[in-house]
Structures are given as structure tokens and as C-alpha cells.
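Each remark here refers to the structure printed beneath this line.
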Amino acid sequence: MIAQDKVHSLYGLDVYDNDGDRIGTVGAVWTDGAGRPVWASARTGLFGLNESLFPLQNAELRGDSVVVPFDKATVKDAPNVDADHDEPLDRDEVRRLYEHYGFRWEDNYRGSADGGREYADHDWEAAGRGGDAGDGAMTRSEERLNVGTEQERVGRARLRKYVVTEPEQVSVPVSREEVRLEREPVTDRNRDAAYSGPDLTESEHEVTLHAERPVVGTETVPVEQVRLGKETVTEQQEVGRHVRKERIEADLPGEQDRTIG
């Protein structure tokens, strides 16, 4: 059980279940006749309008959190009170809580000083909301936005390679041989060669012609490398939520009402 001197430090703390799931925040605390914290409420609704009650027996105060030995569903399904409820818990409310959390109603007895059994049938007093100190001072509390970030998967990227065929035209110079008829008159320079053969004969002379033709082939060559990379881009996003704040009105003699907070 959480110590008595820790009562006013519980308000607004996050409540976690035995699996580490957040249940809500502490809204109110109820104490027994000796002032020891026995019950508390967790704001579990969307706007904290409903508060589920849970026992502080075996609950632990870990830093800025209260950890209870129950799962989240059990606490959320427990008997609840309105967010502005600050009345003592009556016997019927406590009995329903005992039944919900599997406690025996007989556990609500305690031994008396003379060795008998004294029935602890008193109202469970509300220690208040916001931690009123009981020394004439009033503590004003307000909700603060706790903003953080979480990662979520938004998409995937992949590389895929496939083959396409497209036409490509290239101009290639080619050469060929053509027949050209050359006639040379007989002169003193070539007269001996012209008269060196027989006078009248039949003969044939053949010339082979050549031509170039385009030859097309392909080869595979690497042209570039492509890879996937990731970079983190930080941008500002506006988030908001309604928060509740306490206001204190002071009614002072001889002065106008004054609002604090």
C-alpha cells in the first residue's frame, strides 16, 4: 500500500497496469479512518469524464507513475464515479469494488486491541482532488499536454529491373567498288605496249568488285548503379487537445471577487 504521506503526490500521475499499459491518470484518492490511502480513481474516458476506481493495496509508486497489479480491462470495467465526485464512498460502493476486484468482504474487518474483531464499517473519506493540503492552503492544478512521437509504417519502396526493346538508328558509312571505263589513246609513250600483242584476237578481261555492308551486333555494358537510400525529414505539425484547469475564486470582504489561475 502507498504510504500516507504520499497521498497528495498521487494526483495527476499516470496509472499503468501489470503489463505496462497506460490506464489513465489519478483523479481522486479516498482514505480510511486513519488517513491511509485505500482507493483511487483513474480517468479513463476520452475527456476524463468517467473515473474508474481501483484499490491502492499492493499498488506501487514508481517515479511519476502508479503501477497496479491488475490488467487495464479490469480497471476500466470497475465501478466508476463522475469526474467531479468528491463524496465519501459508502458501504454499497465499497462492496461492489470488493466483488469486482475479487476481495473478500471479510477482509474489511480488522482486529481490535482486545483481541476481538472490530467491523470497519465507516465511509471511505475522499482525500480531495488536486491535493488540498488541509492546512488552510488550496492547491490549484491543471492538465498539461504531454506530447511525443511514435513511429508508424507509412509505405515501402523497392527496386525492380525489367527489359524493354526500343528501336535505335545509327548512320554507318559503307564503301563499294564500281566499274569505270577508262580509254587511253595510243601515243609514243605507250605505243610499244600496244603493238606487243597479236594483231587480231578475241579475249576477255574480268574485274571483281567489292562492297562493304553494315554488320549489327549488341553487347551488354554497365551504365549506372541505382540503390535505395533513406533520409529523415523533420517537419512541424500542430497537435492539440482540450485540457482542464482549475480556477480558484477568492471572496474577500470589501473587495471584488478575485479569480486565481
| message | On a heavy-atom basis, which atom in Ser9 and which in Leu61 lie closest, and how many Å separate them? | response | OG-CD2, 4.4 Å
| query | Quick check: does any side chain N or O of Asp77 sit under 3.5 Å from a backbone N or O of Thr74, one acting as donor and the other as acceptor? | reply | no
| query | Is it true that atom CG of Asp5 has more than 12 heavy atoms of other residues, nucleotides or ligands lying nearer than 6.0 Å? | reply | yes
| task | To the nearest 0.5 Å, tell me how far Leu56 CG sits from Asp32 CG. | result | 10.5 Å
| field | Parallel, tilted or perpendicular: rings of Phe103 and Trp39 (30°, 60°) | value | tilted
| task | First locate atom CD of Glu206, then atom OG1 of Thr208, and finally report the distance between them rounded to the nearest 0.5 Å. | result | 5.5 Å
| task | Could you check Val38 against Trp30 for side-chain contact (heavy atoms from CB on, under 4.5 Å), going step by step and ending with a plain yes or no? | result | CA-CA 6 Å; Val38 181; Trp30 285 263; 6.0 Å; no
| message | Does Arg96 form a side-chain contact (heavy atoms from CB on, under 4.5 Å) with Arg91? I'd like the steps, not just the answer. | response | CA-CA 9 Å; Arg96 290 196 301 270; Arg91 180 174 177 174; over 6 Å; no
| N/O donor-acceptor pair under 3.5 Å between Asn190 side chain and Pro185 backbone | yes
| field | Straight-line distance of His210 NE2 to Arg176 CZ, nearest 0.5 Å | value | 15.0 Å
| Where Ser41 and Phe54 come nearest, the two heavy atoms and their spacing | C-CE2, 3.8 Å
| said: Quick check against the 3.5 Å criterion: does Asp17 have a side-chain atom that pairs as donor or acceptor with the backbone of Asp19? | reply: yes
| Taking all atoms of both residues into account, what is the closest heavy-atom pair of Pro37 and Ala3, and its distance? | CG-O, 3.7 Å
| query | Got a second to check how far Leu159's CG is from Lys161's NZ, nearest 0.5 Å? | reply | 10.5 Å
| Would you say Arg191 has more than 12 foreign heavy atoms packed within less than 6.0 Å of its CZ? | yes
| said: Ile23 vs Lys72, test: side-chain contact (heavy atoms from CB on, under 4.5 Å). Steps then yes/no. | reply: CA-CA 6 Å; Ile23 301 173; Lys72 183 175 182 178; 3.9 Å; yes
| task | Of all the heavy-atom pairs spanning Val68 and Ala59, show the shortest one and how long it is. | result | CG1-CB, 4.2 Å
| Inter-residue atom distance Lys76.NZ - Asp21.CG, 0.5 Å rounding | 10.5 Å
| request: Look up atom CZ in Arg43 and atom OG in Ser52, then write down how far apart they are to the nearest 0.5 Å. | output: 12.5 Å
| message | What verdict does the side-chain contact (heavy atoms from CB on, under 4.5 Å) test give for Val75 and Val15, after you've listed the backbone C-alpha separation in whole Å, the side-chain angles of each residue and the deciding distance to 0.1 Å? | response | CA-CA 10 Å; Val75 177; Val15 182; 5.8 Å; no
| Closest non-hydrogen atom pair, Leu53 against Leu89 | CD1-CD2, 4.1 Å
